[in-house]
Amino acid sequence: MSDWKPNIVVFACNWCTYQGADLAGILRCDYPSTISIIRVPCTGCVEPEFIVAALKNGADGVFVGGCHPGDCHYQEGNNKAAARFKLLKTVLTEMGFEPDRVRMEWISGSEGKRFAETMTEFNESIERIGPNPIGRYINGG
Amino acid sequence: MPKIGVYICHCGENIAGAINIEEVRAYAAGLPDVKVVRDYLFMCSDPGQELIKQDLKEDLVDRVVVAACTPRTHEPVFRKTLEDGGLNKYLVEMANIRDQDSWVHWNDKDGATRKAEKLIGSAVAKAFLLEPLRERFVEVTRASLVIGAGVTGMFAALDLAEMGYKVYLVDRNPSVGGNMAKLDRTFPTNDCSACILTPVMVQVGNHPNIELLTFSEIESVDGSIGNFKVKVRRKQTYVDWNRCTGCGDCVKACPHEVADEFNQGMYNRKAVYIEFPQAVPRKAVVDAAHCLNCAGRDFGTQPRLHSKTGEPVAAPCEKTCKTGACDRSVAYNPRGEVVELNVGTIITAAGFKAMDKHPFKEYSPESPNVITSLELERLLAATGPTQGELKRLSDGKTPDTVAFISCVGSRDKHHHTYCSKVCCMYMLKEARLVKRKCPDTNVFIFFIDVRTGGKDFEEYYNYCRDLGVRVIRGRVGAVDELSGDRLRVRAYDVDIAGPVELESDLVVLATAMEPPTGLKELARKLGVTCGAEGFLKEAHTKLYPVETSVRGIYIAGCVQGPKDIPESVSQARAASSAAAIPLTLGRVAVDPLTSEIDQEKCSGCGICVPLCPYSAIKIISLGEILRARIDEALCAGCGVCAAACPSRAVKLHGFTAEQIEAQIEALTIAAGDASGA
Ligand code: SF4
Ligand code: SF4
């Protein structure tokens, strides 16, 4: 267990957080390699089922990154995602997952440094929570 | 079964320096349905693309995964490769192993390699489910909108107009001209600013293809490349511009004076005013907030009748106006009027704002003898409050000593971290103009360092030094007000490594160039991102400097960051040429990444209908049953409907639920097994 590292799935909106992640690259801002991004056109298209699927498949943390309120490329997809996300958080406990395993934040295309910092910090918080309990079943451990 | 080819780019050292290509190759080769794995120094180069095309021609692969940099810049490149290779161009998926991997995990080579494997696994999983799509074409409205009519916006508008396209040129001020109209002279040639700018202003005002919408603000922007619908609010002028001839009689007649924005508040204008003498269009505006409503003449009321003569009593402005343009009985709407424009492309040239002196408490900003450089420009200009005579506004004396302070608000983490770029040169220019007007005046410039990169700039600097302008290297800590209206400048001189003090009659602050007021809101309306400093962000610093992340919207000049006039004009002309391409083509291809509803799965519940921000979904009846249908011309592809549909009837092409779930699986279960976590 000592060499355990989290596995974190990030859903990043193409218009903001995905750009922010690219900018982190351009600025060479390091963050843990435990983070992998799935590009989506808008957080509004992230079904709660996706987040649950990631957790059920063993992801230790799931992060959803969207545009700041008012900045959505599609007017208000981010607001709709935020409303759905709030609901999802309440049912996670019932499903046996720590609600803090999932997080949603607004990171714009110009916040490359902030993207890296947020990822570093989220990774640390997942390390504190520990491995996804489901991992034991998947890997038969 | 799809045959997937994986192409791994080294990007020179950029990727290969952190990621073990051999290990990644071996991993990719073991993924299901991967038939070919290749790597190359630069996948986007001709030989790199040729590798893919060759495999397509030989029918070795029919789905392509390129593991390289970001799809935001390079997806179009590889889509074209597929097209050239005879495959539907939407059958490519990129794994971003540079910007989001090697560059950020450079110190964790093993982690970077494992992550590259995961990202490729994710891309392969999605590629397996990619489907061929057909792009749509939209007709382009052959007109353009230029926001901001400073020197940048004017050149952009003129170019497009000369090419034969209709241009709407919008500015928030009554006249075109922008900041440049306020300058006295321009470096490095010391041309008189007005002499080179006013002919351009006249040309813009007279061009048959340019429609000027001055004293106007952008209200909203809808639509996309080819068909933007823009609402522009024409602010209320309270003067009928169709009749106003710009004679200025009303201005002379108006009894009330208020601070003049054009002269940086150093002079007064009337409550009814023409922005400046060379204004284009030359029309009067009533500043309703300051209008006294003389003779009880509120707008929209009938004049009262004189108690003795029985004649109507008019306000002075309307009394003198010979054309009837200034008629106060008209009930003007204070909100002005909204006009709707249809344009194919938009250029944003909203310019900059010179920072105010008041945040700099350490420099005694309350003193009338501490001024900003833009204020000095007005003092030097023949059209300014002193008719170009250099004298202090506090007492009318010609200063014996003038001290300039550089980088006020620039290169300063408390204000703006960036360099405003033009200040070094304009300070030297202003110093030179002071010396020319008053050769006996002592001129000191306090610099952090002198930045004169630019054609003929260093020569200009040396010339100024030869004129006797004294340059002191070091930051100024404070400016104190002394008795007798003198000022004391306290600084640290780096060259003598000690503090210096200097008494001066006039202190000029070279304040920073900032994003113009309201740029954030404008950016929001346009859907364009602002950078961390608040200026608009270009699509790519080097390769797409005038494009933005929104197709069909371009930027030029200082709205993108501080620039001098030659650079702004060059960008204006670059932006006009970029904005003309869609107009010339007449139609543009748009990605078919829109949503579609599977009529078999749809239950007709209607949940999606009100959620769509573009009102693209309608419920239609198919005989007895109700079903939802999406108008693909209206759909922007946000996927909100897809995420909300309880029947999973909506498919967002390019990002289907199945594709995303396959990626999730690849990043979790599949990767977990592979990396033994
Ligand atoms: S939400 Fe789904 S099922 Fe309901 S109308 Fe829309 S597409 Fe049909
Ligand atoms: S994807 Fe977005 S824009 Fe398209 S129909 Fe669905 S909700 Fe409307």
Side-chain angles (χ1 to χ4, degrees), chain A residues 4-5 7 9 11-12 14-16 18-19 21-42 44-50 53-59 70-77 80-81 84 108-113 116 119 131 135 138-139, chain B residues 69-73 96 98-108 110-112 114-115 118-119 122 126 523-524 527 529-533 537 541 549-550 593 611 613-614 636-644 648 652 654-655 657 660-661 663-665 667-673 675 677:
Chain A
W4 170 75
K5 274 197 199 146
N7 183 16
V9 174
F11 294 96
N14 182 42
W15 301 97
C16 50
Y18 194 89
Q19 280 191 40
D22 280 348
L23 185 60
I26 293 168
L27 301 171
R28 309 294 195 276
C29 296
D30 274 23
Y31 57 87
S33 60
T34 52
I35 309 285
S36 305
I37 293 183
I38 295 179
R39 178 163 78 125
V40 291
C42 174
C45 84
V46 178
E47 300 179 21
E49 286 84 347
F50 293 164
L55 291 173
K56 284 196 170 158
N57 286 349
D71 285 354
C72 176
H73 188 76
Y74 305 102
Q75 301 176 7
E76 47 194 39
K80 289 176 179 141
R84 249 185 255 136
S108 79
S110 56
E111 295 174 313
K113 190 157 163 267
M119 288 306 120
I138 295 178
N139 292 320
Chain B
C69 52
T70 174
R72 287 182 39 250
T73 56
N96 187 341
R98 188 188 74 178
D99 304 45
Q100 297 181 2
D101 191 355
S102 63
W103 276 354
V104 284
H105 310 312
W106 199 262
N107 302 316
D108 173 13
D110 191 54
R114 299 289 83 79
K115 177 165 164 179
K118 274 164 74 178
L119 293 177
S122 163
K126 183 170 179 185
R524 217 168 245 194
T529 339
C530 287
E533 1 56 47
K537 213 164 153 5
T541 324
S549 59
V550 183
L593 304 180
L611 289 178
Y614 302 93
C638 67
V640 162
C641 53
R648 273 223 171 169
L652 171 57
F655 298 93
I660 293 177
E661 280 165 353
Q663 288 185 280
I664 295 170
E665 208 175 296
L667 290 176
T668 52
I669 303 184
D673 287 344
S675 61

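Labels below follow one simple rule: chain letters A, B, ... track the order of the sequence lines, proteins then strands, and each chain is numbered from 1.
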Kindly indicate whether the side chain of I660(B), heavy atoms from C-beta on, has any atom under 4.5 Å from the side chain of V46(A). no

If I take atom CG from residue N96(B) and atom CG from residue D22(A), how far apart are they, to the nearest 0.5 angstrom? 5.0 Å

In terms of heavy-atom pairs under 4.5 Å with chain B, the winner among C72(A), S108(A), S36(A), G77(A) is S36(A)

So, using side chain to side chain contact (heavy atoms under 4.5 Å, CB included) as the criterion, who are the partners of E661(B) when residues are at least two apart? F50(A), R648(B)

Give, as side chain, backbone, both or neither, the part of V40(A) having an atom under 4.5 angstrom from any heavy atom of chain B. both

Nearest heavy-atom approach of C530(B) to S110(A) is O-OG, 3.3 Å

Would a 4.5 Å heavy-atom cut-off, applied to side chains only, mark L652(B) and P41(A) as touching? yes

Side-chain heavy atoms of K118(B) within contact of N7(A), under 4.5 Å: yes

Do I35(A) and Q100(B) have side-chain heavy atoms sitting under 4.5 Å apart? no

With side chains defined as the heavy atoms from C-beta onward, is the minimum distance between H105(B) and D30(A) less than 4.5 Å? no

Contacts of A12(A) that satisfy side chain to side chain contact (heavy atoms under 4.5 Å, CB included) - sequence neighbours left out: V10(A), T17(A), Y18(A), I37(A)

Chain B heavy atoms under 4.5 Å from R84(A): which part of the residue, side chain, backbone, both or neither? side chain

Carefully, step by step, assess I664(B) and F11(A) under the rule side-chain contact (heavy atoms from CB on, under 4.5 Å). CA-CA 10 Å; I664(B) 295 170; F11(A) 294 96; 3.7 Å; yes

Using a 4.5 angstrom heavy-atom cutoff, name the option from A657(B), C69(B), S122(B), A112(B) with the most pairs to chain A. A657(B)

Residues Y74(A) and Y614(B): closest non-hydrogen pair is CA-OH, 3.1 Å

Gap between atom CZ of R114(B) and atom NZ of K5(A) - 0.5 Å precision: 10.0 Å

Do H73(A) and V550(B) have side chains that get closer than 4.5 Å, going by heavy atoms? yes

Of all the heavy-atom pairs spanning A54(A) and T668(B), show the shortest one and how long it is. O-CG2, 3.9 Å

Counting distance only, does the side-chain N/O of K80(A) pair as donor-acceptor with the main-chain N or O of L611(B) below 3.5 Å? yes

Interface check, chain B: of Q19(A), E76(A), E49(A), most non-hydrogen pairs under 4.5 Å belong to Q19(A)

For G111(B) and S33(A) the tightest heavy-atom approach is CA-OG, 3.4 Å

Interchain contact, S549(B) with chain A, by part (heavy-atom threshold 4.5 Å): both

Where does A523(B) contact chain A at under 4.5 Å (heavy atoms): side chain, backbone, both or neither? neither

Side chains of T529(B) and C16(A), heavy atoms from C-beta outward: is any pair under 4.5 Å? no

